[in-house]
Amino acid sequence: MNNKLRNSLLIIITAVALFLRLWQIGVVPPSPDWDEASLGYNAYSILKTGRDEYGKLLPVVLRSFDDYKPALYAYFIIPFIPVFGLDIVSVRLPSVIFGVLAVVAVYFFVKELFGKKEIEFAGNLIKTEYLALLSSFLLAISPWHIQFSRIGFEACSGFAFNLFAFLFFLKGLKKEKYMVLSFFLGALNIHLYQSEKVFTPLMFIALILIFRNEFIKLSKKFIIISIFTATIVVLPMVFFILTNQGALMRAKGVVSFSDQTEFLKRNAQKIIQDRNNNNYLGLFSDNRRIEYAKSVISGYISHFDINWLFITGDISRHHAPNMGLLYLFEVSFILIGIYQAIFGKFSSKAKLALFAYFLIVPVPASVTSGVPHAVRTINFLAVFPLFSALGFMTSIFFIRKIYRTKLLYKHAVGILYATLFLLFIVNFFYFLDQYFVQQNYYNSADWQYGYKDTISFVTPIMKNYNTLVVSNQAPLDQSYIFFLFYLRYDPLDYQKNGGTVSGGFKEDHKGFLNFTFKPIDFSSKNPDRKILYVGRPQDYPGNKKLLRTIYFLNGEEAIKIFEG
Amino acid sequence: MSYIFRYDIIKNAYMEKSKILLILIFLIAFFLRFWQLESNPPSLTWDEAAWGYNAYSLGIDGKDEFGNFLPFTYLESFGDYKPPFYAYLTILPVKIFGLNEFSTRFASAFFGTLTVLLTYFLTIELFGANLKVKRKHVEYLAALSSFMLAISPWHILLSRAAFEANVASFFIVLGVYLFLLSTKKYKIIFPLSIVSFILSTYTFNTARVVAPIFLLCLLIIKRKNISMMKKEVILSMVIGLVLVLPLAMFVITPQAKLRFNEVNIFSDLNTVETSNQEIKNDNNASWSKIIHNRRFLYSILYLRHYFDNLNPLFLFIKGDGNPKFSIQDVGEMYIWEIPFFVTGLLLLFRKKEGNWWIIPLWLIIGIIPAGVARETPHALRIETTLPTFQIITAYGLYNFLVFTKYRISKIKYPILAITALIITLNLLYFLNNYFFHYPREFSGEWQYGYKDAVNYIKEKQNNYGQVFFTNSLGRPYIYLLYYLRFDPEKFRQNALIRREVYGFVHVDGFEKYRFLDNLGEDTVNVIGKRVMYIDRPEKIPGNAKILKEFYLLDGEKILVAYTK
């Protein structure tokens, strides 16, 4: 393939990627969820005052809802706020940009990984160029990748950083200055997303071990600079974790066996029975550490479920409704691709690196609850498009081969190709429809839809009331952040009045202006105060004056606004 | 050419060794299936009791419990139209050992043990054909496969209760084994293979789908061998037709469909609703009617249920959600099998040794019928895939052992020791949980309590003119028949039988026993007789005189005998 054609194909792929990620950005999904709102407002706050909602100067970590988000993504949002304002579009754009960059990066990654121009798979020579382009295209249209590069979730950028770090590591083995870049990006990733704190170091350890001979041959100067850079970049995070006890709370909150009593309920019963019966084998085998180990392995292998990948996905914010994370038509190609990648004839080090990466991906998620988890394992997206492309190309070769041996007639081959193409088209359009049309209908509640309309209704009338009580009970928990976000409330003012005090999920939030965020109840009556309530449908008692009901996009009631 | 029939040319000493190995595996299998067979699982389920009593009844006068003479295509039982063969197989054990738990479960445990033995010979036939390694190795592989089945949690659990599926699996394995033998040399065996496949269809429902499809595939792929034995094929067709015809006639009747409709996914209306809603969301566009076609959605639903059976958590961590088929602590396979299963599967395709293709084909076909059912994954309905899973693991393990022996022989012994240790520990973990904790924890799942209650009735019934028994634990009548060893002819004469439109059969009473949903209200009109009531503890009226209480093995009160 000549360079001109290759370049234009790459540009087309990038354009497709960009279009699929930008079209209706901010409208689909229909509203920011609380994490997006929080990242947005904190970015706004840092831009205006240099401090986050808690008044922390240039934070490394955002305390947010006590989930201690790494802060880097919020800094990425900052440049867009002067252009688009504090808006959902500003929050989502960094994700879009890193998403598109990842699509381009996959092309270079595949080429770099295989090294040679042609690779032999099952007796067929396959051009790396085609493989790289196809992988890049498959990432551009990947439902999984589109899902997360259109929303302000840090994970998608984290994935791009890993991909670049991997790519520059491979390049760095030949040209040393890239190694510095690789280490820098890898270290930066620690500040981007929680899972990367586990994944990225493991990836680097694996890469250094696999390429140890090449790595040692690099000039000492560059190795030292690389490690030095990485250390400097990581240091603030290490410092933060060592000085803040709360920082580990998030980790504790998501670990699957953090709820000891429930997790070990059956186990405890068994141990009692073992003791009563002097069952020594039992006392040995019912050790709770075995249960922990089992739970980790269980979390790990739960990510190799065909249904999760291709048909169901996990929670609704993580995939388009009624479909999985990858296209169903890919299922056989990915299986064939994995097989070919294992037995294909290319450098065994590249092979090891590829599979080390593939097998490390589920590690951070394996200790957490809520597995399988599409966000914590988004790093899979460096390898699935490659497997799929590989599987597709070897299948085509296989069909051609049996055609040449006259086992299949020309028309049969034509029909086979047409069927494949049709399957792809139907599956692709199905995804586009599920994503751009059906998602808002089915999942608006999951995207915490309704605040925007609520706030634009409340804003003009809020000065007529002494107090505005906004519920903070599920599903309206952390409602304060949406009010800060949509009112673009001045962060300086907010911090002067104390800012956010606690991110605790169950606590009342003292609020700002005349807003209070707490569960709605009418027990403490103060007749001379005029109160506006913003609550869940079940908070509305019926005997108060209902001003407005806000609906989800499927017509169900979301929020009720009433006075009394 | 099969090696098992060429022992004469193999050295005597070596023959001894492999024979001893096989005997050892057989003894392990036998022990794990027959030890405490009568007390673990702790009691009989309805279906087991029904098998036992029907066998008892058939053994007396050749009629089933309801008086049908030598039922050929089905047992009516609870209206679930059981394939009858298991009952016939149980006649002899009941005659020999009496009507009890051991004799009822005997056929399953016996054929389960035979399946382990048969797996050895099957594996030799599968891989012996054009072997690339030494002859001795095939026997090791066969021994490993057989051993894997002997210790398989999946197969042990299903062999230890009267599950007719377990016997059907035996006939499928036998069918495949005889088929392979006949295509090699012993043509005359061919009709026996066909008969064996047909017997499986008279034993378990899913075999009615699996056996014909599987046999058809085998015939097509081995058509060259088949075409060389015209006589045998014609003979088989005659025998086959005669045997299949009655079943075929039954399968097209409405009764046969009742059971199917009850469990299948295509009666699920949500799919239709989703389809309609999504088309509506697209403003009824015609392209939307294509991509949201309900047949299309049903196909995806089917695939979802199909792939459910390959869920890694089902296979390796928790097993079937129904505690009757899995102890919940160990998967359908052991956790240590994961790496060997994966490598075994990959190498099977890579090395293409012997009749390797039968294994994936078998596995894929074996799951087909289970995919249409609502409850998936389902260890029992896919039992016909056994022993493919075990052979795959064994193949991986075998290749691992070969690798350690020849490639890394320096550290051979430590590696072998660690592997053996892990396997043993996992086995002990399973055995401890299964024999020590399982009966206590899950006795309720096995309808524990009925036996004690019926034995109490038996002891005291002469003092009472009437016994009222609650229906709330389900189908009490069969337990009374079973544990009273009630004369079937007497039962047929005075049973109160009610047949529902949907095929379910209810027995409301016989002789002085009455089975009611609500004892408190339905039994007020009994005059002049002393009445014993057996009911759930929470339903005991205030004026009751408690006679005896019956407990599950974990101490929960399950039934109470009382009088007024």
Side-chain angles (χ1 to χ4, degrees), chain A residues 122 266-267 269-270 273-274 277 279-287 290-291 293-295 297-312 321-324 328 331 335-336 338-339 342-343 371-372 425-434 437-442 553-554, chain B residues 271 274-275 277-283 285 287-288 290-293 296-297 299-301 303-318 328-331 335-336 338 342-343 345-347 349-350 376-377 425-433 435-438 440-441 554:
Chain A
R266 285 183 61 217
N267 190 252
Q269 285 284 320
K270 285 181 188 169
Q273 210 200 358
D274 292 333
N277 292 281
N279 176 5
Y280 296 108
L281 172 63
L283 286 169
F284 169 72
S285 119
D286 296 324
N287 192 305
I290 292 178
E291 297 304 313
K294 246 171 68 184
S295 141
I297 297 174
S298 160
Y300 184 88
I301 64 168
S302 69
H303 294 94
F304 297 93
D305 176 16
I306 298 176
N307 273 338
W308 173 66
L309 288 170
F310 298 96
I311 297 184
T312 58
N322 296 321
M323 66 176 290
L328 191 54
V331 66
L335 292 176
I336 296 170
I338 290 175
Y339 177 84
I342 290 174
F343 297 112
V371 284
I425 290 290
V426 168
N427 212 173
F428 182 53
F429 276 93
Y430 181 76
F431 162 66
L432 290 182
D433 187 59
Q434 297 306 110
V437 181
Q438 313 294 351
Q439 174 170 241
N440 279 5
Y441 176 83
Y442 284 112
L553 293 172
N554 62 357
Chain B
T271 308
T274 308
S275 162
Q277 183 63 50
E278 294 193 343
I279 292 170
K280 203 175 132 201
N281 289 346
D282 288 329
N283 300 319
W287 53 265
S288 180
I290 299 169
I291 60 173
H292 295 125
N293 189 300
F296 182 59
L297 295 188
S299 317
I300 293 175
L301 189 65
L303 282 181
R304 197 177 111 197
H305 285 277
Y306 185 96
F307 290 138
D308 254 347
N309 292 294
L310 297 173
N311 185 324
L313 299 187
F314 163 71
L315 293 177
F316 299 106
I317 305 288
K318 276 203 70 182
Q328 310 298 308
D329 293 303
V330 175
I335 214 164
W336 65 262
I338 298 169
V342 174
T343 44
L345 195 61
L346 286 165
L347 289 175
F349 281 89
R350 178 66 175 172
T376 49
L425 289 181
N426 209 168
L427 180 63
L428 287 177
Y429 178 81
F430 166 69
L431 294 179
N432 174 56
N433 272 299
F435 285 103
F436 195 70
H437 297 299
Y438 178 78
R440 182 191 60 88
E441 195 174 359
D554 63 358

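Naming: A, B, ... by sequence-line order, numbering from 1 per chain.
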Chain B heavy atoms under 4.5 Å from [X]: which part of the residue, side chain, backbone, both or neither?
| X | result |
| --- | --- |
| A:Phe310 | neither |
| A:Val437 | side chain |
| A:Ile342 | side chain |

[X] and [Y]: side-chain donor and acceptor closer than 3.5 Å?
| X | Y | result |
| --- | --- | --- |
| A:Asn322 | B:Glu278 | yes |
| B:Tyr429 | A:Lys294 | yes |
| A:Asn440 | B:Asn281 | no |

Counting heavy-atom pairs under 4.5 Å with chain B, which one of [options] comes out on top?
| options | answer |
| --- | --- |
| A:Asn427, A:Asp433, A:Asp286 | A:Asp433 |
| A:Ile338, A:Ile311, A:Thr312, A:Val426 | A:Ile311 |
| A:Asn554, A:Ile306, A:Val331 | A:Ile306 |

What part of [X] gets within 4.5 angstrom of chain A, counting heavy atoms only: side chain, backbone, both, or neither?
| X | value |
| --- | --- |
| B:Leu346 | both |
| B:Ile290 | neither |
| B:Leu303 | both |
| B:Asn433 | side chain |
| B:Gln328 | both |
| B:Ile338 | side chain |

>> Using a 3.5 Å distance criterion without hydrogens, assess whether the side chain of A:Asp305 forms a donor-acceptor pair with backbone atoms of B:Asn311.
In response: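 Checked: no pair found.
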>> Determine whether a donor-acceptor pair (N or O, by modelled atom type, separation under 3.5 Å) exists between the side chain of A:Tyr339 and the backbone of B:Phe349.
In response: yes
>> Please determine whether the number of non-hydrogen atoms from other residues, nucleotides or ligands lying under 6.0 Å from atom CZ of A:Phe284 exceeds 12.
In response: no
> Is there a side-chain contact (heavy atoms from CB on, under 4.5 Å) between B:Arg440 and A:Gln273 once you walk through the steps?
Replying inline: CA-CA 10 Å; B:Arg440 182 191 60 88; A:Gln273 210 200 358; 2.9 Å; yes
Below 4.5 Å, heavy atoms only, C-beta onward: do [X] and [Y] meet side chain to side chain?
| X | Y | value |
| --- | --- | --- |
| B:Phe436 | A:Lys270 | no |
| B:Phe316 | A:Ile297 | no |
| B:Asp329 | A:Arg266 | yes |
| A:Tyr442 | B:Thr274 | yes |

> Between B:Leu313 and A:Ser298, which heavy-atom pair has the shortest distance, and what is it?
Replying inline: CD2-O, 3.3 Å
> What distance do A:Asn307 atom CG and B:Asn309 atom CG have between them, rounded to the nearest 0.5 Å?
Replying inline: 9.5 Å
>> Would you compute the distance between atom CD1 of A:Ile290 and atom CD1 of B:Ile335 and round it to the nearest 0.5 angstrom?
In response: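 Output value for this atom pair is 10.5 Å.
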